[in-house]
Every structure is written in C-alpha cells, then in structure tokens.
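Remarks on the structure that follows.
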2 protein chains.
Amino acid sequence: MQGGKPPRKPTLSQVAQIAGVSEITASRALRDSASVTQGTARKVQEAAAQLGYLRNRLAGALAGGPSNQVGVILPSLANIVFADVLKGLEDHFEDAGFHPVLGISNYDPQREERLIRDLMSWRPAGLVIAPSNSTSASRKLLAGAGFPVVEIMDVDIDPVDMCVGISHHGAGAEMARHLIERGYKRFAYIGHDIVRDQRALTRLNGFTATLEAAGQSLSATLTLDAPSSVTLGRNGLAQLLREADQAPDVVYFSNDDMAVGGVFHCMSENISLPDQLAIAGFNGLEIGQALPVPLTTTGSNRVRIGQKAAGAILQRLKDGNTAPAAQSIDVGFTLVHGGTA
Amino acid sequence: MQGGKPPRKPTLSQVAQIAGVSEITASRALRDSASVTQGTARKVQEAAAQLGYLRNRLAGALAGGPSNQVGVILPSLANIVFADVLKGLEDHFEDAGFHPVLGISNYDPQREERLIRDLMSWRPAGLVIAPSNSTSASRKLLAGAGFPVVEIMDVDIDPVDMCVGISHHGAGAEMARHLIERGYKRFAYIGHDIVRDQRALTRLNGFTATLEAAGQSLSATLTLDAPSSVTLGRNGLAQLLREADQAPDVVYFSNDDMAVGGVFHCMSENISLPDQLAIAGFNGLEIGQALPVPLTTTGSNRVRIGQKAAGAILQRLKDGNTAPAAQSIDVGFTLVHGGTA
DNA sequence: CCATTGATTGACAGCGCTGTCATTCAATGA
DNA sequence: TCATTGAATGACAGCGCTGTCAATCAATGG
C-alpha cells in the first residue's frame with residue numbers, strides 16, 4: 001500500500017473482453033464450466049487467470065445469485081460446548097462450500113436481536129441460532145426471513161422454522177430417575193447464571209418435576225450469579241456443604257464444568273465419591289470422563305447437533321420451497337454411567 | 001412458506017418515499033442519524049419501522065460502503081486451541097460490530113487456497129489466517145488483497161502484511177533449556193501429524209537445536225501420522241517405551257493433548273512422574289493444569305493472539321492507508337512449571 | 001431437402017445501495 | 001443590507017454481476 005488509492009480489481013467484463021465472449025458467457029464459464037463449450041470455458045479461464053480475476057460475490061448475490069454464507073448465532077465461545085456445535089456445523093457446511101458468519105450473543109436477548117438484524121442484512125442462505133430468550137422482535141424477524149432458519153440446542157420449544165437439539169427437560173428428568181433408582185434421598189442442586197442460561201433452567205425443571213413425581217424433593221439449591229466454570233462449581237459445593245443444615249447425599253450440577261469443580265472440592269477435602277457424596281453433571285465433556293473417577297453425566301451430542309443443523313439447512317436449500325414444513329430433529333441424549341453417582 | 005415466490009423485501013427507496021425524503025437522505029439517516037436533522041431522522045426511522053425495512057448490506061458494500069465482515073481461516077476446530085483463538089477474535093470484533101466469516105482449512109494448503117479465494121470474493125474488510133504451508137498462489141492473493149491481512153500463531157515467518165503470535169522455535173528452545181537445566185539426559189519426542197502441523201515441527205526444531213547446542217540430542221523420536229489426541233499420546237508413549245533400546249528419562253510431546261495422554265499411560269502403568277519419567281507438553285491447556293500432577297508445559301496465550309489480531313485489523317481500518325507498514329506482534333509464551341518435569 | 005430440436009450464446013435490465021459533487025437555505029458578520 | 005459560510009439535502013451515476021428471455025446454429029429425421 002503505497003498510499004495511492006487501491007487499484008480496481010479486474011472485472012468480469014474485462015475477462016469477457018479478453019476471452020472474446022459476452023459477459024454473461026464468461027460468468028457462466030466461471031461458475032459452471034459445463035454450461036458452455038469446452039473451448040469457451042478454457043478461453044475464459046485463461047483470461048481470468050491472466051488477469052488475476054477474482055469473482056465478486058457481493059455483486060453476484062445482489063443480482064440474484066445464490067449466497068454461500070450462513071449466519072450462525074451462538075451465546076458464547078468461552079466454553080467447549082458451543083465450539084463443538086460450531087465444529088459440527090463446519091463439518092457439513094465446509095464440504096458444501098458454505099461459510100458460517102459468526103455472531104456471539106453473550107446470552108443477551110437485545111444483543112441477539114441486533115445480531116439477527118445484522119446477519120440478515122447480508123442476505124445469507126440460512127441462519128442457525130442457539131436462542132437466548134429471544135425477543136418477540138427477534139422471532140418476527142426470523143419468521144419473515146425468507147430463508148431456512150434452525151434453532152438449535154433445545155427441542156422443548158416452538159420453533160420458528162426448524163429446530164435441532166435434545167430435550168433438556170427430558171435430560172434433567174432422566175438424571176433424576178437414575179439418581180432415585182440408585183437410592184439417593186437428599187438431593188441438592190448447584191447451578192450457574194440460570195437467568196441467562198435458559199436451557200440449564202429447563203433441565204432443573206425436568207429434574208425437580210421427576211423428583212416430586214416420586215415423592216422426593218430438592219433439599220438444597222444454590223444458584224450462583226456467574227457464568228459456569230470449574231472454580232464456580234468448586235466454590236459452590238464448598239458453600240453448599242458449609243451452609244446446609246443436613247448434608248445432601250447427591251448434588252446435581254448445572255453442567256460438567258461445574259460438576260468437575262465439585263469433584264475437585266471432594267478430592268481436596270477427602271470426601272469419597274460416590275459413597276460420602278455423589279455428583280452428577282451434564283454434557284459429557286471429555287474432561288469429565290478423563291477424571292480418575294469418571295463423571296456421571298448426560299452426553300449431549302453437541303457435534304451431532306451442529307451437523308444435523310447444517311444438514312437441515314442444506315437439504316432445505318436443495319429442495320427449494322417444496323420442502324416440508326417446520327420440523328424438529330431430536331438427536332437424543334445418553335446417560336453416562338460414570339463412577340461419581 | 002406457502003410455495004409462492006418470496007415477497008420482495010422493502011427497499012430504501014420505499015422508506016424514503018414514505019418519509020418524504022430522498023433515498024440518499026434516508027440512507028444517511030439510517031446509517032448515522034447525526035448526519036441529518038433530528039426531525040428527518042425520526043421520520044425516516046418511523047417509516048423504516050413501519051415497513052419492517054431491513055438494510056441490504058450486499059448492495060451497500062457493492063456500492064462502495066464499508067463491510068463489517070472479516071474472513072477467518074483456521075486449520076481445525078477439533079481442538080480447543082483454535083476455538084480459543086476464535087474467542088479472542090470475537091472478543092474484539094463483536095464489540096466493533098464485525099463478524100468473522102469462517103473457513104476451516106483442515107491443514108490442507110490446497111483447501112486453504114480455495115478458502116482464501118472464496119472469502120476474498122466477498123470483499124471482506126480484513127482477513128485473519130492461521131496459515132498451513134500456504135501455496136505461493138495463496139501468498140500472492142493475500143499480498144494483493146487490498147485490505148489488512150493478519151497471519152496468526154507464529155511470528156517466525158515473513159508475513160505478507162501483519163502477523164501475531166509467538167515464536168514456536170523459541171518455545172521449543174526454551175523447553176529444551178528448562179529440561180537440560182533440570183538435569184535430564186535421555187530426551188525423547190512424541191509428535192503427531194507433523195507434515196501438516198508445521199508449527200509443531202518448528203517447536204521440535206527449536207528443541208533439538210538447543211539440545212545440540214548443549215551437546216545433547218534426541219535419543220528417540222516417534223511421529224505418528226494422525227491428528228493429535230489424548231489417545232494418540234497415550235499409545236505413542238506405550239509404543240516408544242516398548243521399542244526404545246534405552247528408556248528415555250524425559251519425553252517432549254508435540255502438545256498438551258498428546259502429553260496428557262502420556263500422563264495417563266504413566267498413571268495406568270504406575271510409572272512415577274517425574275522421577276521415573278518426566279513429561280512436557282505445549283499450550284498450557286486447562287486440562288493439563290487440572291491433572292493430579294499439573295503438566296509442565298508452555299503457555300501459548302491463544303485468546304490473546306486472537307484479540308491482538310482483531311485489534312490489529314481494526315486499528316488498520318481506522319487509520320486507513322496511512323497505517324504503518326508490515327508489523328509483527330509477539331504476544332510471548334510462558335514456561336509453566338508443573339510437576340511432571 | 002426442409003422443418004424440428006436442443007445446445008450455445010447474447011441483449012437487456014436491474015438487484016439496492018452509496019460516493020461524489022452540486023444545490024439550497026438559514027444564520028452570521030461587516 | 002448583502003456577501004459569506006456551513007449545514008442539510010438532493011441528483012446522478014454506477015458498483016459488478018446474474019436471471020430471463022430471445023436469437024443463433026449445427027445436427028437430426030422424415
């Protein structure tokens with residue numbers, strides 16, 4: 001950059017001129033060489049190479065061509081969970097030549113709404129969103145999007161278009177059933193910033209509903225107003241044990257990060273797992289399974305969710321408007337029988 | 001979607017008409033309400049709201065307006081390392097209203113080149129790339145990009161424009177120095193698919209160069225032709241110990257995933273760390289530090305790299321063409337004195 | 001030999017917006 | 001009072017490409 005104004009990039013019309021064909025023929029040759037004669041295709045490609053031509057998809061998309069961009073809105077990247085989902089999305093999008101355009105909502109509905117607007121203003125081919133208490137304006141935007149929209153993570157919702165995920169209510173319920181069956185009696189819960197993380201709350205609801213149906217209940221609940229982390233879980237368990245009138249015999253944590261923290265507290269305090277205290281988490285993270293005593297938790301198939309979501313978008317794009325109406329894909333969860341509960 | 005053709009979205013000219021102003025005034029009111037009278041701004045905003053107008057940035061960018069998209073090319077998302085980098089990028093881009101457009105090269109130079117073309121064809125405001133043996137065509141593309149380009153992860157390179165990272169050669173050298181100082185004599189190395197992961201190779205080069213300068217050398221080297229993983233590291237160490245004529249007293253692994261696998265092998269075989277065998281890794285992942293005996297490793301400041309890279313792009317964009325020429329930002333690494341070496 | 005067919009190619013118009021420059025007009029000071 | 005200034009607004013043109021439909025032309029069969 002010598003300070004001069006940037007030299008204009010070569011355009012399609014220049015390529016066409018050199019190749020001695022019309023602009024539209026050059027366009028076709030470059031996009032799908034099978035739609036023109038072999039000779040024509042070669043001439044055009046040579047001209048493009050000679051000029052260092054680089055397609056301008058801005059113009060292409062504006063003129064009505066397809067976009068290969070897909071909006072992706074996730075609440076956070078601080079935690080491996082959504083990185084896994086993103087990986088799953090990439091797995092399928094990359095192969096199809098699509099690119100995620102990323103926005104992080106930070107669990108903030110207002111920010112999420114702004115992101116939806118922002119990403120939609122690029123007229124993407126589709127949108128994948130892990131919703132965070134979406135505003136009604138957000139839902140209205142998505143409903144009128146005019147392209148496929150997939151809401152991911154949770155299937156306990158009324159999707160605007162499609163959704164892919166698991167039943168968090170069901171996951172909480174299943175864990176409650178497992179713990180009841182194991183004979184635990186004094187249940188406690190330790191959670192993180194649950195106002196923002198709606199899905200953790202849904203799990204808790206499923207958990208307590210099942211306890212109550214079995215004539216049991218939570219004897220202690222601690223929710224901490226901060227993002228989930230190992231440290232938060234460790235401190236949380238310390239606090240709960242300190243403050244509880246009667247010690248619980250099992251603690252359900254809002255997720256594996258928190259639960260691993262709980263395990264660490266037990267290790268450092270010589271509380272034996274699961275005899276003296278049992279611990280359960282959610283997600284099935286690798287770290288939980290790599291512990292000396294593997295964590296009892298619920299596997300949440302995060303990568304799978306991403307893959308299925310990408311697949312749903314691509315399928316819909318291929319089918320055009322003849323596609324089936326709103327659908328919900330449940331990838332299912334699995335109870336991981338570790339050694340901590 | 002009733003099967004009819006998608007209804008046209010409201011356009012700026014419709015907004016302008018309703019507001020009773022010219023198109024360009026409406027455009028200005030919507031982009032920067034301070035550039036028009038308060039009253040005008042209100043009228044336009046009301047008209048836009050009434051119509052459900054959604055800005056079309058495709059048209060805007062084509063007409064010469066700025067883009068808020070930034071191409072981001074990473075080799076993989078399978079591993080927390082690049083998820084961390086992406087988080088760092090997001091931290092700064094999100095606040096500035098920029099969005100990463102993601103491409104995953106899978107450590108494949110050809111694929112990387114295709115991605116560069118693909119992302120550049122959207123005329124982004126900048127590009128961040130963790131290079132994977134970039135082809136000369138790739139470098140040429142980047143050199144003529146006309147927007148800021150940051151190559152990340154490694155500063156031991158000749159950057160096309162800017163670069164942000166650490167010296168992997170230096171990191172390998174530093175670990176060698178540390179291990180020599182500790183008195184280890186029989187050094188071994190276990191690595192993963194090093195043909196593709198060039199940076200791991202650079203660390204190894206720094207490591208061996210330093211050993212040799214001190215009159216030492218690697219007594220055993222095992223490189224496995226697969227992506228790095230805990231399992232690969234575990235099996236690798238088992239294989240190395242089985243095949244080696246003389247057992248090493250310290251093993252340098254290509255990264256923490258691999259090294260943690262090595263630690264697991266030692267645990268299951270009752271090999272005491274670090275007396276019987278010492279282990280060192282690279283990255284400073286949380287899991288390594290959460291082990292019963294924390295891993296000796298090199299902290300690589302991944303989130304910081306992302307943040308600095310985003311900052312460099314944003315700064316350059318603000319400064320316009322008057323910006324300083326090519327620069328290299330070294331965020332530095334830190335030796336993590338764990339208990340395994 | 002001529003009508004018919006399908007494959008190639010091209011003309012046209014316009015996607016929706018913004019940079020650039022010119023115009024308008026009220027406010028200001030000599 | 002009139003020239004001067006700066007803010008607000010507008011006219012114009014064009015960014016680079018692709019969908020649609022029409023035109024062309026060689027190959028085919030009756």
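FYI, side chains are in, hydrogens and waters are out, and symmetry mates aren't considered; it's all heavy atoms of this structure. Numbered from 1 within each chain, the chains take letters A, B, ... in sequence-line order.
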Hey, which sits more toward the 5' end of DNA chain D by its nearest nucleotide, B:Val36 or B:Gly64? B:Val36
Minimum-distance nucleotide (side-chain atoms of B:Leu62 versus C:dG16, D:dA11, C:dT9): C:dG16
Are OP1 or OP2 of D:dT9 and a side-chain N or O of B:Thr40 less than 4.0 angstrom apart? yes
Selected nucleotide, minimal atom distance to A:Ala59 side chain, candidates C:dT9, D:dG19, D:dG16: D:dG16
What is the distance, rounded to the nearest whole Å, between atom CG of A:Leu12 and atom C1' of C:dC15? 16 Å
B:Leu127 CG to B:Leu141 CG distance, which is reported to the nearest 0.5 Å: 10.0 Å
Selected nucleotide, minimal atom distance to A:Glu23 side chain, candidates C:dG19, C:dC17, D:dT18: D:dT18
Ignoring the backbone of A:Thr11, work out which of C:dT9, C:dA11, D:dG16 is nearest its side chain. D:dG16
To the nearest angstrom, the CG-C1' distance between A:Leu30 and D:dT18 comes to 13 Å
Short N-O contact, A:Arg302 and A:Asp91, less than 4.0 angstrom: no
For a quick test of reading the model: is some side-chain N or O of B:Thr37 closer than 4.0 Å to OP1 or OP2 of D:dT9? yes
Looking only at N and O atoms, is any donor in the side chain of A:Arg28 or the base of C:dG10 less than 3.5 Å from an acceptor on the other one? yes
Does any donor-acceptor pair link the side chain of A:Arg57 with the base of D:dG16 at a separation under 3.5 Å? no
Which of the following nucleotides, C:dC17, C:dA11, C:dG14, is nearest to the side chain of A:Ser22? C:dA11
How far apart are the closest heavy atoms of A:Arg57 and A:Asn68, and which atoms are they? NH1-ND2, 3.3 Å
May I have the distance from A:Arg31 (atom CZ) to D:dC17 (atom P), rounded to whole angstrom? 11 Å
Decide if atom CD of B:Gln17 counts as having more than 12 heavy atoms of other residues, nucleotides or ligands within a radius under 6.0 Å. no
A:Gln17 has an atom CD; how far is it from atom P of C:dT9, in whole Å? 18 Å
D:dT20 C1' sits how many Å from A:Ile24 CD1, rounded? 10 Å
With respect to the side chain of B:Thr25, which nucleotide from D:dC17, D:dT9, C:dG10 is positioned closest? D:dT9
In whole angstroms, the gap separating P of C:dC17 from CZ of B:Arg55 amounts to 9 Å
Please check if the number of heavy atoms outside A:Lys43 that lie under 6.0 Å from its NZ is greater than 12. yes
Starting at atom OH of B:Tyr53, determine the distance to atom P of C:dG16, rounded to an integer number of angstrom. 10 Å
Return the value, rounded to whole Å, for the distance between atom CG of B:Asn56 and atom C1' of C:dC15. 8 Å
